[in-house]
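Ligands are counted one by one from 1 in listed order, and the atoms in each one are counted from 1 as well. Count residues from 1 along the sequence.
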Amino acid sequence: MTVNYEARRLSITLFSPQAEVRRLRLTLKILLTILILLLLNELIFTGLSMLALAMFSSISLLVVFYFWASPDTCSVIAGMVLWSIAVFITYACWLGNGIFDTIVFGFPCLLMLAIVLSGKLIFISLFVYLVSALCFLAFAHSQGFLAGAELFATLPMWGRVFSYIVLLTCFSVGVFFIFADIRKRFKYILQKNAALEAAIGQLRRSSRFDQLTQLPNENACNIDLVEQLKQQKASGHILAFITLNLGNLHSIRMNYSHSICDEALKLLAKNLLSFTNDKTVVYRFQQNEFVILIHSIDYRGIRTFADKMRHVCSQTYHVTDFDVALQPSIGIALAPFDGSTMAELRHNSHLAMHAKGEAGKADFSFFDQAMAEQEQQRLQLTKALKNAISNNELILHFQPKIDLTTEQITGAEALVRWISPEHGFVPPTVFIPLAEQAGVITDITHWVIEQSVIACKQWHELGFNKLCIAVNLSAEDFKRGNLATHTLSTLTKASLPAHFLELELTESMLMDDINYIQKQINELRSFGISFAIDDFGTGYSNLGYLTKFNVCTLKLDRSFVKNICHSSNELQIVKAIIGMSKSLSITNVAEGIEDKATADMLADLGCDMGQGYYWSKPVAQEDFIALLKEKGQ
Ligand code: C2E
Ligand code: CA
Ligand code: CA
């Protein structure tokens, strides 16, 4: 930026009309100084002479030119100055020693000035004039018309004229080309500078706008917010920082295509743009995040606006024969109450967004202090969780899986528990997501696999040697890439055959980076480890995954199972899932069975296995063994 600014400043300094006037005036000052000194010299040593009068006239003329010079008259005056000096020098030679006079050295200086001050035309005409003047003076000399003629009578005059002309020509051509080159270089630099300036302008514009939606982006918001906060202070109004997050963009991309997702985003941006006015600006931050800054007199104004926004966002967008439904979440932070910087307002609007009710339901919520306290608590929990394994704070519980026809225990699901000395019992639904965010989930999973395999081996040693163990995985577990090696070495160490271990995945995990995860799943499958899809029915219920990942078990989510005796809708869903899994020869397990009626109905529907409080809650290893012994399997 500085280089650019400097270059522009340089071009203004060198080529603007004002610069031309300044340069002419400076030249005039120098000429006037020389002439005044010469005049004084003449008056002191010779007295009042014709030459002194000529000098005086020239000085007067140059003074007039000095004050007359302006951007409009500059080029004319420059020509007049040059011609006046040319005439003056010729006249001085005429009065003095002709071509032998020292003032002849003024000729090349004059030509140099002509290049600096004027154009080609004046320069060439002056050159012709000066050559002619030299010839004329020489001729006048030879005819004895000049004052100093007798003094230099014996000197080789025409040879000297010739040398003068050769010198003048060489000097003129040299100086002319040097200046032409300098001008050319300047022109080139200026052209480059203009191109650079245009590119910087373009870059600056694009760095402030989102390419896809053409909305201003995070950079622009950062800059605008400073101004908006000043306005808010001056007006006393409320400035709302509204974050709009689209939760299902990833699945839209996977289920439809990137271009359909982009088109839906553009349509949403167009709708949001209709809100833009002098009080409201819409920005697009990252992939799935939009931000709206809005001024309002009161809280009610913001609420009305958020309501309108919710309505716009929950529309279904029709893109090339598909109806795309976005899942917006809206969080609102208000300045000055909830923050006075971009970082604070954004953070708090995010907290508000995550605190909003049901996932996927277009709703909005305002930030309040309780959210910040919850966040603080989450941070403390995360900190404590990092040491949970090394401090032996984790324990494993086992929930039996029951064969619905024989009522026999076929295995168990391992469910981790955290009893923190500081925070007490923390449910896995709370700490597992924290562990995923904090990057400690893989250590927890490794620990769970180790303990589960040891526990299963113990059941086998006690005679319950057909039981399997199921372990829950997180998407993060595949990221390190050592899941397969760790699992295999754990099984080998415990001498448990791999087919007794089942790993539970959720559909959302398979959405992420399918190739990367599939490679690891295939490797684990090749050892004999089986896979189950957990919570089936709550996600995308994509049948493609079941065959693609060679899944052995499908676990029906508790949310359908619990109502099958009362809701025909849920009954139909469960029936359909069981039918489908049977046709694909996949074992199905119903989760969350809490009563006999549900267990019986599922058995009648052909469900293979069940899991739930009806038989047992998840229990510690010794209680699970007691249960096995009680059942007498
Ligand atoms: P999940 O894998 O779906 O586990 C089943 C959850 O349902 C367990 O909750 C279990 O206690 C509960 N449950 C089982 N039967 C019934 C029933 O009849 N009624 C009701 N109301 N609930 C029942 P839990 O142990 O709180 O675990 C919750 C979730 O935490 C699990 O859901 C799983 O997603 C996650 N989780 C638990 N342990 C682990 C683990 O070791 N690793 C990973 N990655 N996730 C785990
Ligand atoms: Ca599970
Ligand atoms: Ca489940």
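When the heavy atoms of Thr429, Leu394, Asp477 are ranked by distance to atom 29 (C) of ligand 1, first place goes to Thr429.
Only the side chain of Glu413 comes within 4.0 Å of ligand 1, judged by heavy-atom distances. Only side-chain heavy atoms of Glu591 come within less than 4.0 Å of ligand 1; its backbone N, CA, C and O stay farther off. Within the 4.0 Å heavy-atom criterion, both parts of Leu415, backbone and side chain, lie near ligand 1. Neither the backbone nor the side chain of Val471 comes within contact range of ligand 1; no heavy atom lies under 4.0 Å. Residue contacts with ligand 1 for Arg417 involve side-chain atoms from C-beta outward but no N, CA, C or O (heavy atoms, distance under 4.0 Å). Of the heavy atoms in Val448, only side-chain atoms (C-beta onward) come closer than 4.0 Å to ligand 1.
When only non-hydrogen protein atoms are considered, atom 21 (N) of ligand 1 lies nearest to Arg558 NH1, 2.9 Å. Scanning the protein for heavy atoms near atom 41 (O) of ligand 1, the closest one is Val416 CG1, 3.4 Å. Nearest non-hydrogen protein atom to atom 20 (C) of ligand 1 is Glu594 OE2, 3.3 Å. The nearest heavy-atom contact from the protein to atom 12 (C) of ligand 1 is Tyr613 OH, 4.3 Å. For atom 45 (N) of ligand 1, the nearest protein heavy atom (residue, atom name, distance) is Asn472 CB, 3.6 Å. Summary of contacts: the protein heavy atom closest to atom 44 (N) of ligand 1 is Ser474 OG, 3.4 Å. What sits closest to atom 11 (O) of ligand 1 on the protein, heavy atoms only, is Pro618 CG, 3.3 Å. Protein heavy atom at the shortest distance from atom 30 (O) of ligand 1 is Pro428 CB, 3.6 Å.
The aromatic ring centres of Phe527 and His499 sit 6.0 Å or more apart. Between Phe337 and Phe367, the ring centre distance reaches or exceeds 6.0 Å. In this structure, Phe305 has its ring center under 6.0 Å from that of Phe275.
Minimum interatomic distance between Gly610 and Ile593 (heavy atoms only, all atoms of both residues): CA-CD1, 3.7 Å. When all heavy atoms of Leu554 and Ser581 are compared, the closest pair comes out as CD1-CB, 4.1 Å. Smallest separation of non-hydrogen atoms from Ile332 and Ala352: N-CB, 3.8 Å. Smallest separation of non-hydrogen atoms from Gly481 and Tyr516: N-OH, 4.0 Å.
Ring geometry for Phe366 versus Tyr299: interplanar angle of 30 to 60°, hence tilted.
Residue-to-ligand polar distances keep Thr445 apart from ligand 1: every N/O pair is separated by 3.5 Å or more. For ligand 1, none of its N or O atoms has an N or O atom of Tyr614 under 3.5 Å away.
Atom NZ of Lys575 sits in a sparse spot, with 12 or fewer heavy atoms from other residues, nucleotides or ligands closer than 6.0 Å. Residue-environment remark: CD (Gln377) stays at or below the threshold of 12 foreign heavy atoms within 6.0 Å.
There is no protein heavy atom closer than 4.0 angstrom to atom 6 (C) of ligand 1. Closer than 4.0 Å to atom 9 (O) of ligand 1 lies none of the heavy atoms of the protein. In this structure, atom 32 (O) of ligand 1 has no protein heavy-atom contact shorter than 4.0 Å.
Counting only heavy atoms from C-beta outward, the side chains of Tyr256 and Glu263 never approach each other to under 4.5 Å.
Every atom of ligand 1 with a heavy atom of Gln399 under 4.0 Å away is listed here by number and element: 14 (C), 15 (N). Those atoms of ligand 1 with a heavy atom of Gly612 less than 4.0 angstrom away are 15 (N), 18 (O). Each of the following atoms of ligand 1 lies closer than 4.0 Å to a heavy atom of Asp535: 3 (O).
Residue pairs that meet the ring pair (Phe, Tyr, Trp, His ring centres under 6.0 Å) test with at least one member in residues 398-419, sequence neighbours left out, are Phe398-Trp459, Trp418-Phe431. Here salt bridge (charged side-chain N to carboxylate O under 4.0 Å, His left out) pairs that include residues 372-385, with residues two or more places apart or in two chains, are Glu375-Arg378.
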(request) Could you please spell out the steps behind the side-chain hydrogen bond (donor to acceptor under 3.5 Å, both in side chains) verdict for Arg253 and Gln287? (result) CA-CA 12 Å; Arg253 272 207 185 97; Gln287 280 292 327; 2.9 Å; yes
(message) Evaluate Thr598 against Asp595 for side-chain hydrogen bond (donor to acceptor under 3.5 Å, both in side chains), listing each step before the verdict.
(response) CA-CA 6 Å; Thr598 310; Asp595 52 59; 2.5 Å; yes
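For the residue pair Asn569 / Ser567, no side-chain donor-acceptor distance below 3.5 Å is found, with atom types taken as modelled.
The side-chain hydrogen bond (donor to acceptor under 3.5 Å, both in side chains) check on Asp323 picks up His318, with sequence neighbours excluded.
With Gln399 as the fixed residue, the side-chain hydrogen bond (donor to acceptor under 3.5 Å, both in side chains) test singles out one of Gln611, Glu413, Glu591: Gln611.
Note on the Ca ion (ligand 2): protein N/O/S atoms under 3.0 Å are Glu413 OE2, Asn472 OD1, Glu504 OE1, Asp534 OD2.
Look at Gly592 and you'll find a heavy atom under 4.0 Å from some atom of ligand 1.
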